[in-house]
Amino acid sequence: MTLLVAISGWDPQPWQEQFAALLPDRKIVTLDDPFDRREVHYAVCWKPPAGSLAHLPNLAALFSLGAGVDALLADPRLPDVPLVRIIDANLTARMSEYVVLHCLAHLRQYRRYLDQQQKGLWQDDRSQPAAHEISVGVMGFGVMGQDAARKLSAIGFPVRGWSRTPKDFEDYEMFSGPEGLELFLARTDILVSLLPLTPDTAGLLNHSLFSRLKQGGKLGGPVLIHAGRGGVQVEADILAALEDDVLKAATLDVFSAEPLDPDSPLWKHPSLTLTPHNAAISTPASIAHNIAAQIRSFEAGGLLQGLVDRSVGY
Ligand SMILES: NC(=O)c1ccc[n+]([C@@H]2O[C@H](COP(=O)([O-])OP(=O)(O)OC[C@H]3O[C@@H](n4cnc5c(N)ncnc54)[C@H](OP(=O)(O)O)[C@@H]3O)[C@@H](O)[C@H]2O)c1
């Protein structure tokens, strides 16, 4: 029985080694190795070349090594077997670190004081709001959104959530669907997007949406933090919204084309903070363990956790 490590853009070797250690009774191959396609029962994937997973007649399940499966679903020849996306406590915790870090950086005017330090400027105009005065709206209230919400709440931010289907939480005001979007936006000072990229979310973070965020809040304008998927944002609209004062500032971890073009105007904009799609990184040690356990449980008759609903795209 073979497990295929189908990865592009990352080094497959540490993944191959981890799976070999955890599943010693299987053959673990990468796309570059010679292998019998009939022997492959499982594939673990990150952006495999289109069509590379076709013609695996005994494939039982596909595992995404990331939480987002948009790149996999874009392959028209993706086999029609159960597709599992990763849910991993370590990955989720890293995303929450990122969200909390950047909410606090905007709240505490981190870039302003860094700039003042570089200029040797001692200046304090006492314009520091408290966390409880700044409402954080989390778009995409799934595994990562909920964990980030818990940690933001612990710091004192009032948190609101927006999801596709209705949800009820004691601690957060919740909104759902297109009908819930207006009120959600109107109550949001810091918009955190942890949405997957699907046909419904593509291009959602655009100028029109930014213009419906709460105006006149204590940050001096709404702020965007986006660590979902680049295709959800319209980058020209982010720049235009910053120019129009529709947005005060933004932190972006994901981009419509990655790596970001060295000539992109996003790099040098003074109100933008950019990171190279590493808000939450998948590490072989933790994720391979999780997938190996799922394979063993599945073979013992258990249900797969984190199954993707292909009809909605996540
Ligand atoms: N930047 C990074 O390093 C990094 C790392 C890992 C993941 N990510 C991104 O983070 C995303 C979220 O991960 P997750 O594990 O939290 O996913 P998840 O548990 O599947 O949660 C997705 C959330 O988005 C909501 N949603 C989906 N479509 C929507 C729509 N059309 N309108 C409103 N809400 C919608 C879902 O609503 P329901 O609750 O109603 O289903 C759910 O709350 C991933 O898809 C991936 O793109 C980024």
* Least distance between heavy atoms, S127 atom then Q109 atom -> O-NE2, 3.1 Å

* Inspect the surroundings of NE2 in H289 and state if more than 12 heavy atoms from other residues, nucleotides or ligands are less than 6.0 Å away. => no

* Under 4.0 Å between a Lys/Arg side-chain N and an Asp/Glu carboxylate O for R296 and D25? -> yes

* Asked: Is any side-chain heavy atom of L62 closer than 4.5 Å to a side-chain heavy atom of L72?
  -> no

* How far apart are the closest heavy atoms of S297 and L303, and which atoms are they? -> OG-O, 4.3 Å

* **Distance flag, aromatic centroids of W10 and W15, threshold under 6.0 Å** => yes

* If you look at every heavy atom in P129 and L219, which pair is closest and at what distance? -> CG-CD2, 4.3 Å

* Asked: Any side-chain heavy-atom pair from I291 and L65 closer than 4.5 angstrom?
  -> yes

* To do: Could you grab the distance from atom CD1 of I238 to atom CD of E235, nearest 0.5 Å is fine?
  => 6.0 Å

* Check for a donor-acceptor pair, side chain of T188 on one end and backbone N or O of F184 on the other, with a separation under 3.5 Å. => yes

* **Salt-bridge contact R112-D115 (side-chain N to carboxylate O under 4.0 Å)** => no

* To do: Answer yes or no: are there more than 12 heavy-atom neighbours, outside Y110 itself, under 6.0 Å from its atom OH?
  => no

* To do: With rounding to the nearest 0.5 Å, note down the distance linking CE in M1 to CG in N58.
  => 9.5 Å

* **Atom CD of Q117 with >12 non-hydrogen neighbours under 6.0 angstrom** => no

* Kindly compute the distance separating CD (E39) from CZ (R26), expressed to the nearest 0.5 Å. => 12.0 Å

* So, are K27 and D36 salt-bridged, with charged N and O less than 4.0 Å apart? -> no

